[in-house]
Asks: 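Take a look at the following structure, please.
Note that these values count all heavy atoms, side chains included, but never hydrogens, waters or copies made by symmetry. We count residues from 1, following the sequence as given.
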Amino acid sequence: MNNPYSNRAWWLLLPSLALMGFVAVIPLMAVLNYSFHDVFTVNDAYWIGLEWYAEIIRDPSFWASFGRSALFSAIALGVQVPLGIWLALLLLKMNRFAVPVLMLVALPLVVPWNMIAGMWLTLINPEIGLAGKTMTALGITFDYKFTALHTWLLIVLADTWHWIGLVVILSYAGLSAIPEPYRQAAAIDGASRFAVFRHIELPRISGALSIVILLRFVDSFMIYTEAFSINAGGPQDATSFLSLELAADIGSFTYGRAAARAMLSVLIVLTVAWVFVRIRSSERVR
């Protein structure tokens, strides 16, 4: 019996695979190689095996920064995913106004990363910022330089403002693709609004949400620009995430240790992504 399907279209992926190998795989292999060396210059490196990895894993500051990074990712996902879905549900009710509003929500996505922190610091400035003047008028003290809770709040707000559009766009796309007869049948059966969301809308957008969760986890787990620009990991290392310690190693020209630290971060991200994919696959089998 002849195979009715042709796999020749896979050849079309070769240019993309070649590009990925050039911009991702080859640099990653170079970093992996450096992580086994004490690097002084590119041409002056000495093999030390797993010493950098052992030193980093035994360092309590590594585990402290790992905990902070994991906590920040949990907070970011816990805030942005439900908020993004809620905004997408509101956009469904706007009909013809949904697209213009969606464009406005997506605008922060095109703002360069290195400008986000500066914009928010200007906004909360008590002398020139609208939010800063408002808080001053209301007698609210917001000391992000010396109060860890305020620093965390500012970083979460900045990150949420920047990335909430991604969650809204993908959630809205999934919700818009649900056939209307599903909702009509639920209305006839007298289903509540929560029941419609739980049994119809949420399962239909689970694929889009999986992409959102993975993308946002990877990005939030390695957050750097906002944390460094706002308070450089302070106060008292309260916002010193894994990425900031990696940057500190690079800044001190300890390239071998920086490479090992980068590979550990990659391993953590790949492990979480693998676990997430396995969970999603087991849910499909059910």
Asks: For a quick test of reading the model, state the closest non-hydrogen atom pair linking Met263 to Val31 and the distance between them.
Replies: SD-CG1, 3.9 Å
Asks: Does the plane of the ring in Phe253 sit parallel, tilted or perpendicular to the ring in Tyr255? Use 30° and 60° as the thresholds.
Replies: perpendicular
Asks: May I ask you to check whether over 12 heavy atoms, not counting those of Met115, lie within 6.0 Å of atom CE?
Replies: no
Asks: So do the side chains of Ile116 and Trp161 get within less than 4.5 Å of each other, counting heavy atoms only?
Replies: yes
Asks: Quick one: salt bridge (Lys or Arg N to Asp or Glu O under 4.0 Å) partners of Asp59, sequence neighbours excluded?
Replies: none
Asks: Would you call the rings of Trp47 and Phe36 parallel, tilted or perpendicular, where under 30° means parallel and over 60° means perpendicular?
Replies: tilted
Asks: Parallel, tilted or perpendicular: which fits the ring planes of Phe241 and Phe72, with parallel below 30° and perpendicular above 60°?
Replies: tilted
Asks: Where the side chain of Thr151 meets the backbone of Tyr144, is there a donor-acceptor pair that is under 3.5 Å apart?
Replies: yes
Asks: Looking at Ala195, is its backbone amide N or carbonyl O close enough to the side chain of Ser192 to form a donor-acceptor pair, meaning the two atoms are under 3.5 Å apart?
Replies: yes
Asks: Counting C-beta onward and ignoring hydrogens, is there a side-chain heavy-atom pair between Phe276 and Ser210 closer than 4.5 Å?
Replies: yes
Asks: Hey, is the main chain of Gly129 close enough, under 3.5 Å, to the side chain of Thr122 for a donor-acceptor pair?
Replies: no
Asks: Tell me if the OH atom of Tyr53 is crowded by more than 12 foreign heavy atoms within 6.0 Å.
Replies: yes
Asks: Is there a path from Leu264 to Leu71 through hydrophobic residues (I, L, V, M, F, W, Y) whose side chains come within less than 4.5 Å of each other?
Replies: no
Asks: Could you tell me the separation between the CG atom of Asn231 and the NZ atom of Lys145, rounded to the nearest 0.5 Å?
Replies: 8.5 Å
Asks: Is the shortest heavy-atom distance from the side chain of Phe221 to the side chain of Val272 under 4.5 Å?
Replies: no
Asks: Parallel, tilted or perpendicular: which describes the rings of Phe194 and Phe197, with under 30° parallel and over 60° perpendicular?
Replies: tilted
Asks: Considering residues, nucleotides and ligands other than Gln236, do more than 12 of their heavy atoms fall under 6.0 Å from its CD?
Replies: no
Asks: Checking Ser229 side chain against Ala117 main chain: does a donor-acceptor pair fall under 3.5 Å?
Replies: no
Asks: More than 12 heavy atoms of other residues, nucleotides or ligands under 6.0 Å from CE of Met20: is that the case?
Replies: no
Asks: Return yes if some donor-acceptor pair links the side-chain N/O of Trp63 with the main-chain N/O of Ile57 below 3.5 Å, else return no.
Replies: yes
Asks: If you measure from the Lys or Arg side-chain nitrogens to the Asp or Glu carboxylate oxygens, is any gap between Glu201 and Arg193 under 4.0 Å?
Replies: yes
Asks: Strictly distance-based, threshold 3.5 Å: is any side-chain N or O of Ser171 a donor or acceptor partner for the main-chain N or O of Val168?
Replies: no
Asks: When the ring planes of Phe142 and His150 are compared, do they come out parallel, tilted or perpendicular, using 30° and 60° as the limits?
Replies: parallel
Asks: Could you measure the distance from the CD1 atom of Ile164 to the CG atom of Asp159? Nearest 0.5 Å is fine.
Replies: 10.0 Å
